[in-house]
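Reminder, nothing fancy here: chain letters follow the sequence lines and each chain counts from 1. Just so you know, these numbers come straight off a predicted model, no measurement behind them.
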Amino acid sequence: MEYNFKEIEKKWQQYWKDNAIYSVENGGDKPKFYVLDMFPYPSGAGLHVGHPLGYIASDIYSRYKRLQGFNVLHPMGFDAYGLPAEQYAIQTGQHPAVTTEKNIARYCEQLNKIGFCYDWNREVRTCDADYYKWTQWAFQKMFSHWYSCEVNAARPISELIEIFSKQGNAEVQAAQSETPTFTAEEWNSWDDKRQQEMLMNYRIAYLADTKVNWCPKLGCVLANDEVSEGLSVRGGYPVEQRVMRQWSLRVSAYAQRLLEGLDTIDWTDSLKETQKNWIGRSEGTEVQFKVKDSDMEFTIFTTRADTIFGVTFMVLAPESELVAKLTKPECAEAVEAYLERTKKRTERERISDRSVTGVFSGSYAINPFTGEEVPIWISDYVLAGYGTGAIMAVPAHDSRDYAFAKQFNLPIIPLIEGCDVSNESYDAKDGIVCNSPKAGVEPYCDLMLNGLTVKEAIAATKKYVESHNLGRVKVNYRLRDAVFSRQRYWGEPFPVYYKDGMPYMIPENCLPLELPKVDKFLPTESGEPPLGHAKLWAWNEAEATLADVAEIDNKNIFPLELCTMPGFAGSSAYFLRYMDNKNGDALVGKTANEYWKNVDLYIGGTEHATGHLIYSRFWNKFLFDLGVICKDEPFQKLINQGMIQGRSNFVYRVVGTNKFVSLNLKDEYETQQIHVDVNLVANDVLDIERFRNWMPEYKDAEFILENGKYVCGWAVEKMSKSMFNVVNPDDIVERYGADTLRFYEMFLGPLEQSKPWDTNGIDGVHRFLRRLWAMYENVSEEQPSAEELKTLHKTIKKITFDIEHFSFNTSVSAFMICQNELSQLKCNKRAILEPLAVLIAPFAPHIAEELWHRLGNDTTVCDATFPICNEEYLIESSVKYPISFNGKVRFTLEMPADMSKEDVEKTALANEQTQKYLDGKSPRKVIVVPGKIVNIVL
RNA sequence: GCCGCGAUGGUGGAAUCGGUAGACACGAAGGACUUAAAAUCCUUUGGCUAUUGUAGCUGUGCGGGUUCAAGUCCCGCUCGCGGUACCA
């Protein structure tokens, strides 16, 4: 009988669906296991062959765990809010909800063809009101909480109000925006608005004037991870800096916990490293500098406190508040001009133009360690948003300060013995300190760093600064708060209305606040976000209902927030919702959460390393602080699957003709390389007829062939429509079947490695499945031979090891070897074939199911038990030892497998051939590696 | 610039703890079956040298080192990929 994969796959996919084979319960006797894929954004283009790579891997693991007796949660859903659907709506007028729905249907259809074991009852879509209810709910909780640095957790804002009314804010240790100190009396004397303004500095979700990445073309702000090199990641439009009043999330409050949490989870070192760099913890010192002829002081941050004796100037960020205060009248004009110039420069220009610019403020600071006066400059190489927005410049030991000093002819004082700073700065943190203080100069203070190593000098300076009240030891983080407002339509609405300019939350029991209908998706004429078009978009406070915008009176009826939430809002807690997606009373019920806990295995791409994977860890930790969930890290183990790149094919047209020349003859002509659709090419050989019909201009094309074939060139490029290298999984399923696709995607190479999709070679995998199929004809009930058992158990051992180590590509080889060996033995015995079917089920579930039933089983193969390797079958009766003399001469000797190491040595030495090589001499050394090799050193 | 990862036949890749490098697959060449083709099966396939079987040399980006033994460990480079960037 033929291997009719179409029929088999259709039959079993229908059966699994009809009998709800993959639906999972919360609870039961079995241990739990949670396997998660990063849910996709359903784009209009549908899935290409790269998308399922990670899904196939997680599906194999899920099925494996299930066969091992675990209760496996393996859900799928859709990250449905996003810019492309909105852009499409703007262009075509089609409502994003409609196109999104359509795209999801297409995705589901494509996914289901591949035979994944998802429990679709648990599907979530971020754009469903009963899902985003909980996104809004979490936002409200962030609004009503502050972060206490004392207990290192989020606390209700009511606690903070109580503290303020009793003792003011002087003693409060909180993650906060810059806030003036106030007393309890002051607090109590303020009206509600003033108090609310003050609380805004503490809330975890807060409104603030923020410098944001504004993309005029998209009419929207973008998060840092949505911008790359001054261009938007989606669309590639220019992005500029702008100050806007925006919602932000105080992610920075969690910086230390996000860093420490990395030690408790099983992620790759490279990903942990990326996150560590993104969080950017840096231990340093804040030092106060007095201003000459003034009672003003300002603070700088440095990680190199040891270099303070080498300070020759100070630099302020152009946006720093200090600029206005420290600019002397005689310099005002130049400073003004400089500020104007920097303001105009976009982020992109700043990146591309690295020339050194700056302007002198006219003021001098006094170095607290030397008493020297140093000029204060203003330059855009200092950032307002990091540290204090002001630095002490040590040109000898910082390359940026060095470039600045050279440009403006400022002095450079080397502080490390023997370092040469005539051409470049010496940035390395090693060496012995000198010139601190300078020899022969009357010491200004009693700190002596000369002779210490850099490390010792940093520690000594820190100690000195603290004990002399010159500043304090400080830890800074690069991680910024996340801007949370987007001026667009297709996202979660904020459950917020504005009264007297201050935000108020709509009551929790009124959630979800549903996204209103609009008829236009562009900003309004007055420049408001698209929600400004909505008619029913105001809040009646007294009745707690929506009201018409026309009725806004700011007494009972108030305007609602017009921005929506960014993409990461919906994806930050979706893994919790899968546990309990029908729950109307909570994001996730206590029982469900305590049962599933967190994700045991998460598979997805590295592109989310500094976006989704930071935000969702933050979000999760916040919910943990509230006591809503029981684990503070969401993803215990994480695997990054590599990207599947495209493999493009080329034809070579002879210039000025409609003639095409085959790859290896093209050097004889002057040719032009043209992309050709990879679907017209098999094993790099062009299907000439289909090529002629591909585009009208090629209808009369002529070909110069080699060996009767037209051979195409190829290159690895991004998979995209314009390169004609997109391969659709549906086409592969149609031609070879889902099981072949699954096997082949795994066979392509290591899961975590990026690799091009190359359809050459898929035949080999397909052939293997056909051979496997053929083995199950005429199954006999005979007892298996020792050799057959050995092959089976060897394979069990290998496959188990491979799955545990996510080495799926070598599993495929192991199956091929197993099949090959069994067919050499002409094995058709049930005792071998039945466990083999179970073993292969995670990889190729359809064929396994069919074979399993053909063997007479009436349960599904998913309910079988994963076979266990019996090592006894693997024991060899004899082992071949290669005997090698100093690694040069080699021959092989067979010995009993259970022979001891000593006996192996003896036998090897007593051997006739060994004696010949030893030639009467005794060996210097004999090394026996059990079961592998005997090395004889002459 | 900094951080991380990688480099093995014509191709994708294997070698899991330092132990016979090139498993498995593709491609290619030859053969069997067939009127023929497709499909299937068999043989060969890192390079070089000679050869009837066979043998010898060489070989994992480059240069050194440790070791009886190195693709694997150490030092110094080259190239490629990914992330990040005036973070003081």
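Comparing atom distances between the A:P882 side chain and each of B:A85, B:A88, B:U20 picks out B:U20 as nearest. Distances from the side chain of A:I817 to the nucleotides B:C86, B:A25, B:A23 place B:A23 closest. The nucleotide whose nearest atom lies closest to any side-chain atom of A:V382 is, among B:C26, B:C24, B:A88, B:A88. Minimum atom distance to the side chain of A:R770 is reached by B:A39, of the listed B:C86, B:U84, B:A39. Considering only the side chain of A:M816, B:A25 comes nearest among B:A25, B:C26, B:C3. Taking every side-chain heavy atom of A:W278 into account, B:A85 is the closest of B:A85, B:G12, B:A23. Nearest to the side chain of A:S270, among B:C86, B:G4, B:G19, sits B:G4. Checking B:A88, B:C68, B:C24 against every side-chain atom of A:L383, the shortest atom distance belongs to B:A88. Minimum atom distance to the side chain of A:R767 is reached by B:G27, of the listed B:U20, B:G27, B:G19. Of the candidates B:G19, B:C3, B:C24, B:G19 carries the atom nearest the A:I927 side chain, counting heavy atoms from C-beta on.
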Subject >> Pair A:M314-A:V311, side chain to side chain contact (heavy atoms under 4.5 Å, CB included): steps then yes or no >> reply: CA-CA 8 Å; A:M314 312 292 286; A:V311 175; 3.9 Å; yes
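When the C1' atom is compared between B:G6 and B:C86, the two are found 29 Å apart, to the nearest whole Å. Comparing the C1' positions of B:G18 and B:A38 gives a spacing of 50 Å, expressed to the nearest Å. A distance of about 10 Å separates the P atoms of B:G46 and B:G10, rounded to the whole Å. Taking the C1' atom of each, B:U66 and B:A88 are spaced 42 Å apart, rounded to whole Å. Across B:U11 and B:A28, the matching P atoms stand 15 Å from one another, rounded to whole Å.
Checking the phosphate oxygens (OP1, OP2) of B:G83, no side-chain nitrogen or oxygen of A:T610 falls inside 4.0 Å. An OP1 or OP2 oxygen of B:G13 is reached within less than 4.0 angstrom by a side-chain nitrogen or oxygen of A:Q753. One finds a side-chain N or O of A:R771 lying less than 4.0 angstrom from the OP1 or OP2 phosphate oxygen of B:C41. The side chain of A:N809 places an N or O atom within less than 4.0 Å of a non-bridging phosphate oxygen (OP1 or OP2) of B:A14. OP1 or OP2 of B:G12 has not a single side-chain nitrogen or oxygen of A:K755 nearer than 4.0 Å. Under 4.0 angstrom from either OP1 or OP2 of B:A88 there lies at least one side-chain N or O belonging to A:Y386.
With a 3.5 Å ceiling on both atom-pair distances, the Watson-Crick or G-U wobble partner of B:G56 is B:C48.
Taking the centre of each ring, A:F5 and A:Y736 stay at or above the 6.0 Å mark. The six-membered or imidazole ring of A:Y744 lies near that of A:W757, with a centre-to-centre distance under 6.0 Å.
Along RNA chain B, the nucleotide nearest to A:T302 and the one nearest to A:K925 differ in position, and the one closer to the 5' end is contacted by A:K925.
By the rule that a glycosidic angle within 90° of 0 means syn, B:C26 does not qualify and counts as anti. In this entry the base of B:G83 is anti relative to its sugar, with a glycosidic angle more than 90° from 0.
Between A:Q641 and A:F806 the shortest side-chain heavy-atom distance does not fall below 4.5 Å.
Within the nucleic acid shown, A:Y477 has no heavy atom closer than 4.0 Å to any nucleic acid atom. Residue contacts shown for A:K709 are limited to sugar-phosphate atoms, with no base heavy atom under 4.0 Å away.
Using bins of under 30°, 30° to 60° and over 60° for the plane-to-plane angle, the ring pair A:H612/A:H608 lands in the perpendicular bin.
Formation of a donor-acceptor pair under 3.5 Å by the A:T388 side chain with backbone atoms of A:T299 is found in this model. Side-chain atoms of A:N649 do not come within 3.5 Å of backbone N or O of A:C712 as any donor-acceptor pair.
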